[in-house]
Peer 1: 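Sending over a structure as structure tokens; questions will come in a sec.
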Amino acid sequence: MARRIQLSSPSPSSSVDPDSEAQERILSGLNEDQRAAVTATDGPVMIIAGPGSGKTRTLTHRIAYLLATGKANPYQIIALTFTNKAAREMRERVQRLVGDRTRGMWVGTFHSSFARLLRREIDAIGYSQDFSIYDTDDSKKIVKQQMNRLQLNTDEVKPRSVQRTISSAKNQMVGPQEYTSMAHGRLQEATAKVYPAYEAALKRANALDFDDLLLKPVQLFNQEPKILEKYQQRWQYVHIDEYQDTNHVQYVLAKQLAAGHKNLCVVGDDAQSIYAFRGADISNILSFERDYPDATTVRLERNYRSTENILTLADSIIDQNEDQLDKTLWTDKDGGEKVLLTEALSEKDEAKKVEQKIRDLQLREGLEYSDFAVLYRTNAQSRALEEALRRENVPYRIIGGTSFYQRKEIKDVLAYLKLLVNPNDRASLERVINYPTRGIGAKTQERVRNYASQNDMSMWQAVEQVEQIDTLSTRAKNAVGRFRAIIAKYMSKMDSAPVDDLTRDLIQEAGMLSELRKEHTRENLRRWENVQELVNGIAEYTASADNATLSTFLQEVTLLTDLDGDDDPNTVTLMTLHASKGLEYPVVFITGLEEGLFPLAKATQERTELEEERRLFYVGATRAEERLFLSWARNRYRYGKQEHNTRSRFLDEIDDSVVQTAGGGRLRQKKNRFSSSSKGSTESYDDMDPHYYRKNLRKGSGSSKKGTRRTTRTVSSKSSSSNGSSGRRVVYDEGEGQIVPGVRVQHSKFGEGKVQSVEGEGDRATAVVFFGGDIGNKKLKLKYARLRVIG
DNA sequence: CCCTGTGTCGTCATT
DNA sequence: CGACACAGGG
């Protein structure tokens, strides 16, 4: 955990001597275009780069080059990314290239970098050092509270929508006053009322939301030119990865910072812009040359990742879009396998076919499980895939969904700690005041809240003087008093006790331990292990650097996502198409290619939205190095109801010369191009010649993998890591759920049978299964028998 | 005050 | 289907 959060000393290092050996090393592995981008060290630079062109690598080498030539010392460089993972990889690679010359260099996500900057300058905008960072859930809670207070009907206008509207206003740097003047319509008018109250509530709580982390620095720079100047002086070289994903605030920040030395280097691909929904503004990259007229533009058009067929398909996807920069991708990986399209009857059928293909390739071709990625449009689609993989004991991990720090038990502990650090943090206070339940119910809380607002104090202050609140019964006062005693005790201990001990004791005394021990369920055990892991993480973090405190830990973890883990187990990866950006895999499945799902029904109305969906398809397809599988299901459960689907319009757009259907035929018949009836294509992926793949698989793919170490955590390695089980055992925490009396199962030796009874749990579980013919009943240990449920 | 059962609702992607 | 809000009994 600690390794993820790199803090380095802010002291400027002295000038660096040129290192010609390193320079050579840095340039040697690059092609001509990449080299041009790396050596263009003066003035604004835009690197327009297609997928698989090594664009992040190029950026990395440029930073290393600056260091190796002595043009800059680490202190003068800042690099901004969108994920912590990207930042970590970049830092590691620079270190590999130039050795330990990186101390003082800022490499991080936009959010964590500016949170860090704010920590230093926060006084100037009237917050205190120990501010809390509110995630989207916290923000939503605040919005809801304010709506209640303002007596707005939360049925007519959803707090969620209001929160999103406020967020996008902030992304566009529209403040509360300005917003009010231009609001029209029900949602906007409600938002106009809530917005100022929301801001005030955050301020009172000494809290910043995600958007504030970027917005406040802009305001700070405007308000205090001296501070801006300081950072402009300091960062002579500003680098931004994935520039097409920047929103307006980020754009302004980049402009402010780079205005000093004008050495702004951005990397991006307009064709991979898939984050418009969270405010990313594609025009930032499209108009870079207009913003910086003396900019050097370098195009990286050579693709090192994918085969020709995959690239042809990808090109044919993106060709349908009108808005894009000119760019032609090419590769010298000729041909390759055709892209295989499979039609399934249902999402279960689709999942089964994916699973079969994975096992088939893994067994026959010796591919690792980690060579496979299965992509989908919405997180809900992962369920069917998970079930299919679990049934066959294929290890998998899911990226996204709820990450470690979003688990309830983790958020509970974090809330306790946030409260200690920042007593004004009302969201955290309310989260833990009655968890575990200690007799402070809704009514009591409301009375405390009222007392606080009537006396113009924070809720914690009201808790501190609970005896004065005469609306409360003695019983309630006692309950609140007990809570206060616990919190106060640990507040006073904070500076003296080591944080991990403090946390452990607090968990115990607050009653979380006994809460989790109350019932001996698997779930509770897992939760407890997660809490332990958190405590270890805190200890590790605070020991890692001098200025790594509990307060900074709490700020940093809010900004971590699932993509930032650091395990590298041999598992199949399941994730959304969005989460796949920047990653690569030898074999990629894109599932759920159905009209209404991908593209989503909502997106089909607007051309711009449809184009974003198409770019998403493009991103997904270009993740594949060797093989790409597309699939869709005729029927799919949505909202608990089965829906009948037609195949995605995208399938009618793509170049069908590189596509083969599972039945062996062409994707489209030449004559009736738009017929969606495909014949005989319900066969599985297995129908093709199994040896075809081995013959054509490149040997080189193993080594190319090293560059992009995939470092995401396994679903259950979280829970198994503390009980010391090996990394191989992944994923099966739900037990052998499907094996119950009555179901039909398949056994590798005995064939089909019917489960009669099941006994025991976990590894000891056994089932009596009746098989036909002269086999009869068999008692099987589920751990070894690998039964497959077939109905 | 707390737990449980029932009904309601909706769901895209995320730092 | 599943998360979540709300009502009613313990």
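Convention: sequence-line order gives letters A, B, ...; per-chain numbering from 1. Below, each value reflects all heavy atoms present in this structure, side chains not excepted, and no hydrogens, waters or symmetry copies.
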Peer 1: Looking at A:Asp137 and A:Lys141, is there a salt bridge between them, counting it only when a charged N and a carboxylate O are closer than 4.0 Å?
Peer 2: no
Peer 1: Check every strand shown and say whether A:Arg160 touches a base, only sugar-phosphate, or nothing at a heavy-atom separation below 4.0 Å.
Peer 2: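 Answer is sugar-phosphate: A:Arg160 comes under 4.0 Å of backbone atoms only.
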Peer 1: Between B:dT14, B:dT15, B:dC12, spot the one nearest the side chain of A:Tyr275, thanks.
Peer 2: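 In terms of side-chain proximity for A:Tyr275, the closest of B:dT14, B:dT15, B:dC12 is B:dT14.
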Peer 1: Mind checking A:Asn434 for me? I need base, sugar-phosphate or nothing, with any heavy atom below 4.0 Å counting as a touch.
Peer 2: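 Sugar-phosphate only.
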Peer 1: Name the nucleic acid region contacted by A:Ser112, choosing base, sugar-phosphate or nothing; use a 4.0 angstrom heavy-atom cut-off, strictly under.
Peer 2: nothing
Peer 1: Map A:Arg638 and A:Ile440 onto DNA chain B by nearest heavy atom, then report which one ends up closer to the 5' terminus.
Peer 2: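 Whichever sits nearer the 5' end wins; that is A:Ile440.
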Peer 1: Please determine which of A:Glu595, A:Glu347, A:Glu594 meets the salt bridge (charged side-chain N to carboxylate O under 4.0 Å, His left out) test together with A:Arg636.
Peer 2: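 Answer after filtering A:Glu595, A:Glu347, A:Glu594: A:Glu594.
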Peer 1: Cut-off 3.5 Å, side chains only: do A:Thr246 and A:Asn284 have a donor facing an acceptor?
Peer 2: yes
Peer 1: Looking at B:dC3, B:dT14, B:dT15, which one has an atom nearest to any side-chain atom of A:Thr437?
Peer 2: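 Selected nucleotide (nearest to the side chain): B:dC3.
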Peer 1: Nearest to the side chain of A:Thr378 - B:dC12, B:dT15, B:dC1?
Peer 2: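 When the side chain of A:Thr378 is considered, B:dC12 is the closest of B:dC12, B:dT15, B:dC1.
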Peer 1: Reckon A:Lys641 touches a base, only the sugar-phosphate, or nothing at all at heavy-atom distances under 4.0 Å?
Peer 2: nothing
Peer 1: Mind checking if A:Asp211 touches a base, just sugar-phosphate, or nothing, with heavy atoms under 4.0 Å?
Peer 2: nothing
Peer 1: Side chain of A:Lys144 only, please: which of B:dT15, B:dC12, C:dA5 is the nearest?
Peer 2: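 Nearest to the side-chain atoms of A:Lys144, counting from C-beta on, is C:dA5.
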Peer 1: Just call it for A:Phe277: base, sugar-phosphate, or nothing, with non-hydrogen atoms closer than 4.0 Å on any strand.
Peer 2: base
Peer 1: Taking the minimum atom-to-atom distance to the side chain of A:Arg475, which one of B:dT15, B:dA13, B:dC1 wins?
Peer 2: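 That would be B:dC1.
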Peer 1: So which atom in A:Leu202 and which in A:Lys170 form the shortest heavy-atom distance, rounded to 0.1 Å?
Peer 2: CD1-NZ, 4.2 Å
Peer 1: Taking the P atom in each of C:dC4 and B:dA13, what is the distance between them to the nearest angstrom?
Peer 2: 15 Å
